[in-house]
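In what follows, chains are A, B, ... by sequence order, proteins preceding strands, each numbered from 1.
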Number of protein chains: 2
Amino acid sequence: MGRGHMARRNTNRRVGIADVAEKAGVSHATVSRVMNGNAAVDPGIAARVRAAAVELKYQPNPVGRSLALGKTDTIGIVVPDLANPTFQAILRGLSIAAAQDGYRVLIADSSEVTSEEAILAGEARRRCDGVVLCAPRMADAELEELAPTLHPLVLINRTTIATNTPSLSVDYGQGIQELAQHLVSLGHRRLVFLSGPEHSASNRQRLVGLDQFRAEHPEIELELLHGGSNFDSGHESTEAIIASGATGILAFNDLVAMGLLSGLHERGIRVPEDISVTGFDDIPFAKYTTPPLTTAAVPINELGSLAWRRMREQIQQAGEASIQAQDEFSPRVEIRKSTAAPALRPAS
Amino acid sequence: MGRGHMARRNTNRRVGIADVAEKAGVSHATVSRVMNGNAAVDPGIAARVRAAAVELKYQPNPVGRSLALGKTDTIGIVVPDLANPTFQAILRGLSIAAAQDGYRVLIADSSEVTSEEAILAGEARRRCDGVVLCAPRMADAELEELAPTLHPLVLINRTTIATNTPSLSVDYGQGIQELAQHLVSLGHRRLVFLSGPEHSASNRQRLVGLDQFRAEHPEIELELLHGGSNFDSGHESTEAIIASGATGILAFNDLVAMGLLSGLHERGIRVPEDISVTGFDDIPFAKYTTPPLTTAAVPINELGSLAWRRMREQIQQAGEASIQAQDEFSPRVEIRKSTAAPALRPAS
DNA sequence: GAATCATGAGAAAGCGTTTTCTCAGAGCGT
DNA sequence: ACGCTCTGAGAAAACGCTTTCTCATGATTC
């Protein structure tokens with residue numbers, strides 16, 4: 001009995017707009033108006049409403065708002081691995097920048113499972129006003145197909161052919177060339193590139209950069225060793241690196257370099273006296289390794305905040321489809337102590 | 001003209017339940033039923049609906065669902081600083097564990113601004129089904145008052161008096177005692193504790209642990225130096241540490257220890273030959289520093305997943321208020337290479 | 001003083017779902 | 001055959017808010 005079949009629910013219910021309206025003796029429309037300052041409302045009434053609101057500790061339900069407004073004030077980010085400092089930094093920069101504009105970020109960790117990325121991104125998009133996607137291993141075709149469905153979208157380290165999705169990328173090809181150049185100018189003649197995951201887009205970029213390097217430096221011996229993208233894979237490559245006889249090692253990234261550093265240390269190989277090692281990314285820890293790591297610094301903190309700026313641009317100009325910026329960062333070689341001239345030219 | 005004043009919107013509209021219903025020739029109620037498998041529905045009709053759904057690529061709008069269901073399948077986490085590996089690890093563990101149960105996580109970084117934490121937590125709570133709160137510096141009174149309003153809540157490294165909010169904490173007091181004990185048993189007699197942020201709850205715990213240690217070891221000289229919680233503060237303390245004349249340093253955490261390590265290295269002080277240094281937390285990088293860091297390992301990956309488990313318990317037993325578990329982890333001392341017997345007993 | 005206008009508040013539709021309520025029709029027993 | 005129960009589908013309410021529409025009231029103007 002009672003008026004509605006759900007009347008009972010109203011006990012222990014969270015305070016809603018209706019409660020405020022009742023207390024202030026106005027309609028909920030008016031409450032909404034004063035809360036959002038949308039239309040002109042009599043100052044006296046407005047004051048009464050506001051008083052009622054604070055007294056009841058009224059806080060608008062964001063889900064209701066979202067449904068009515070068609071926006072969630074939330075953006076999603078999908079990353080392949082939250083354990084990677086690079087993605088941690090992007091997430092952090094994004095979160096802080098977005099927060100400044102009143103947006104929150106929802107995170108989706110694909111745990112390196114490439115096949116899940118598209119699904120996660122889609123789900124995130126439905127819950128959020130936009131998505132920033134880090135999917136280094138997703139196939140180009142899949143990305144191309146997925147991108148338009150995600151629309152407010154910004155890509156990290158990937159680009160699409162269609163020019164309407166902004167992307168931020170790092171010129172890994174140039175960075176790795178500069179690192180190689182650095183080693184060569186120190187006197188190294190035998191290098192090895194300890195490569196990253198096979199299907200990683202950024203690894204491919206490094207590879208083409210190194211091809212170019214080879215073309216320009218035919219005198220340099222540059223070997224390629226397969227590895228992964230984390231500590232352990234760097235550590236596991238220690239023996240192979242030693243066996244290679246190279247004096248200069250280009251590790252896929254800082255994590256790999258650090259794993260390698262620790263492996264070499266265990267084996268009693270001195271860095272940089274016996275072998276020079278470079279990383280990539282300049283994660284916060286890179287300058288605290290022993291020896292401090294020579295690496296290619298990518299402006300990791302800016303990436304996140306710029307990602308947000310690009311996202312915001314899209315959200316604001318909703319509709320008016322325009323060509324989006326494709327930002328590319330040039331890494332800057334950060335010479336520290338893990339590289340030096342090779343001690344003696346080894347017999348070749 | 002047209003039927004409603006918003007009819008125009010229906011162009012370029014996302015496909016909704018109504019579209020599926022129309023295509024399948026049923027009511028939207030029926031579509032909902034087959035999508036959720038809630039009530040029995042004729043297999044033939046169900047098939048028709050499902051076909052229509054896939055053909056239109058229908059994906060239910062989560063905001064609509066959330067409003068109707070009163071849940072968002074999302075939990076929030078508020079952390080003081082996403083740059084800290086400890087919180088990164090908690091976030092990661094939480095995110096992965098929650099994802100396994102179909103939940104997502106929304107992140108709120110308070111950027112160390114204690115006064116924002118309560119607000120952020122409140123906002124997060126309104127958007128989510130629960131909140132996990134890391135607020136090491138929030139005043140006890142404020143926490144006590146805030147906790148009930150956040151209800152499905154799990155606290156990290158904080159506890160409340162009211163026994164109905166689960167909390168996960170690390171026994172920092174015990175851990176620091178064991179580290180001190182370790183140094184003493186190596187032969188150190190002059191120690192300094194390089195403390196963390198003044199109002200940090202976990203710092204206070206370390207302090208009481210050390211008081212107890214002092215009581216048990218009146219013969220040991222234990223000085224206290226004020227510091228912070230990150231790399232830089234550890235680095236900045238280098239001179240003070242050297243000046244202290246101590247041979248065994250208990251750093252607030254691994255970050256501080258690493259900063260100190262690098263500062264000592266720059267000054268030519270050898271670790272562990274001249275000075276022994278310990279950290280706390282055992283962040284992933286701790287075993288790759290040079291020398292590898294002796295530290296107290298907290299099961300950082302478990303923290304996140306256990307936080308989710310406790311959260312899930314609360315979400316499931318919604319209503320039936322029961323006493324919640326207060327989990328406490330005992331850190332395990334991880335002896336590596338940054339600690340050793342002091343070279344010579346310095347003149348005292 | 002009557003007609004016009006501006007102001008501002010309430011009624012109601014709409015956002016996209018789920019779920020209750022209700023009722024038509026089929027199947028069954030007697 | 002009649003009425004009964006049962007199955008299953010549609011109508012409509014509900015979730016909590018925003019916003020359009022509408023209309024009353026008081027102010028303004030000729």
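- With B:Pro80 as reference, B:Glu117 is the one residue of B:Glu117, B:Glu116, B:Arg137 to meet the side-chain contact (heavy atoms from CB on, under 4.5 Å) rule.
- Listed candidates were C:dA9, C:dT17, C:dG14. Nearest to the side chain of A:Ile45 is C:dA9.
- Looking at the side chain of A:Ala40, the nearest of the listed nucleotides D:dC17, D:dT19, C:dG8 is C:dG8.
- Nucleic acid contact for A:Val63: none, since no nucleic acid atom lies under 4.0 Å from a heavy atom of the residue.
- No more than 12 heavy atoms of other residues, nucleotides or ligands sit less than 6.0 Å from atom CD of B:Glu145.
- Side-chain atoms of A:Arg14 and base atoms of D:dG16 include no donor and acceptor less than 3.5 Å apart.
- Spacing between atom CZ of B:Arg65 and atom C1' of C:dG16 amounts to 11 Å, rounded to whole angstrom units.
- Put simply, CZ on B:Arg48 is 11 Å from C1' on D:dA9, counting in whole angstrom units.
- Here the side chain of B:Asp19 pairs a donor or acceptor atom with the backbone of B:Gly16 at under 3.5 angstrom.
- Under 4.0 Å is where a charged nitrogen must lie from a carboxylate oxygen, and between A:Arg104 and B:Glu123 at least one such pair does.
- Residue contacts for B:Thr30: at a heavy-atom cut-off of 4.0 Å it reaches the sugar-phosphate backbone alone, with no base atom in range.
- Residues B:Pro43 and A:Asn36 each lie close to DNA chain D; by heavy-atom proximity, the contact nearer the 5' end of the strand is made by B:Pro43.
- Side-chain nitrogen and oxygen atoms of B:Asn61 include none within less than 4.0 Å of the OP1 or OP2 phosphate oxygen of C:dC15.
- Proximity note for A:Leu67 (side chain, C-beta onward) versus D:dG10, C:dA9, C:dG16: the nearest is C:dG16.
- Checking the phosphate oxygens (OP1, OP2) of D:dG16, no side-chain nitrogen or oxygen of A:Tyr58 falls inside 4.0 Å.
- Along DNA chain C, the nucleotide closest to B:Pro62 and the one closest to A:His28 are compared, and the more 5′ of them pairs with A:His28.
- The separation between B:Leu69 atom CG and C:dT20 atom P is 11 Å, rounded to whole Å.
- As rounded to whole Å, 13 Å separates atom P of C:dG10 from atom CD of A:Glu22.
- Between B:Arg33 and A:Gly16, it is B:Arg33 whose nearest contact on DNA chain D lies nearer the 5' terminus.
- Residue contacts shown for A:Ala29 include a base, since a base heavy atom lies under 4.0 Å away.
- With hydrogens and angles ignored, the 3.5 Å screen pairs a side-chain donor or acceptor of B:Ser200 with a backbone N or O of B:Ser202.
- In this structure, the NZ atom of A:Lys71 is 14 Å from the C1' atom of D:dC17, given to the nearest Å.
- Put simply, the side chain of A:Arg158 gets close to the backbone of A:Ala135: a donor and an acceptor are under 3.5 Å apart.
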Could you go through the side chain to side chain donor-acceptor pair (under 3.5 Å) check for B:Thr72 and B:Asp129 one step at a time? CA-CA 6 Å; B:Thr72 59; B:Asp129 299 345; 2.9 Å; yes

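- Of the candidate nucleotides D:dT18, D:dA9, C:dA9, D:dA9 has the atom nearest to the side chain of B:Val41.
- Judged purely by distance below 3.5 Å, without hydrogens or angles, the side chains of B:Arg127 and A:Asn61 never pair a donor atom with an acceptor atom.
- Remark: C1' of C:dG14 and CD1 of B:Ile17 are 16 Å apart, rounded to the nearest angstrom.
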Reading 5' to 3' through nucleotides 22-27 of chain D, protein heavy-atom contacts under 4.0 Å coded B for base, S for sugar-phosphate only, - for none: ------

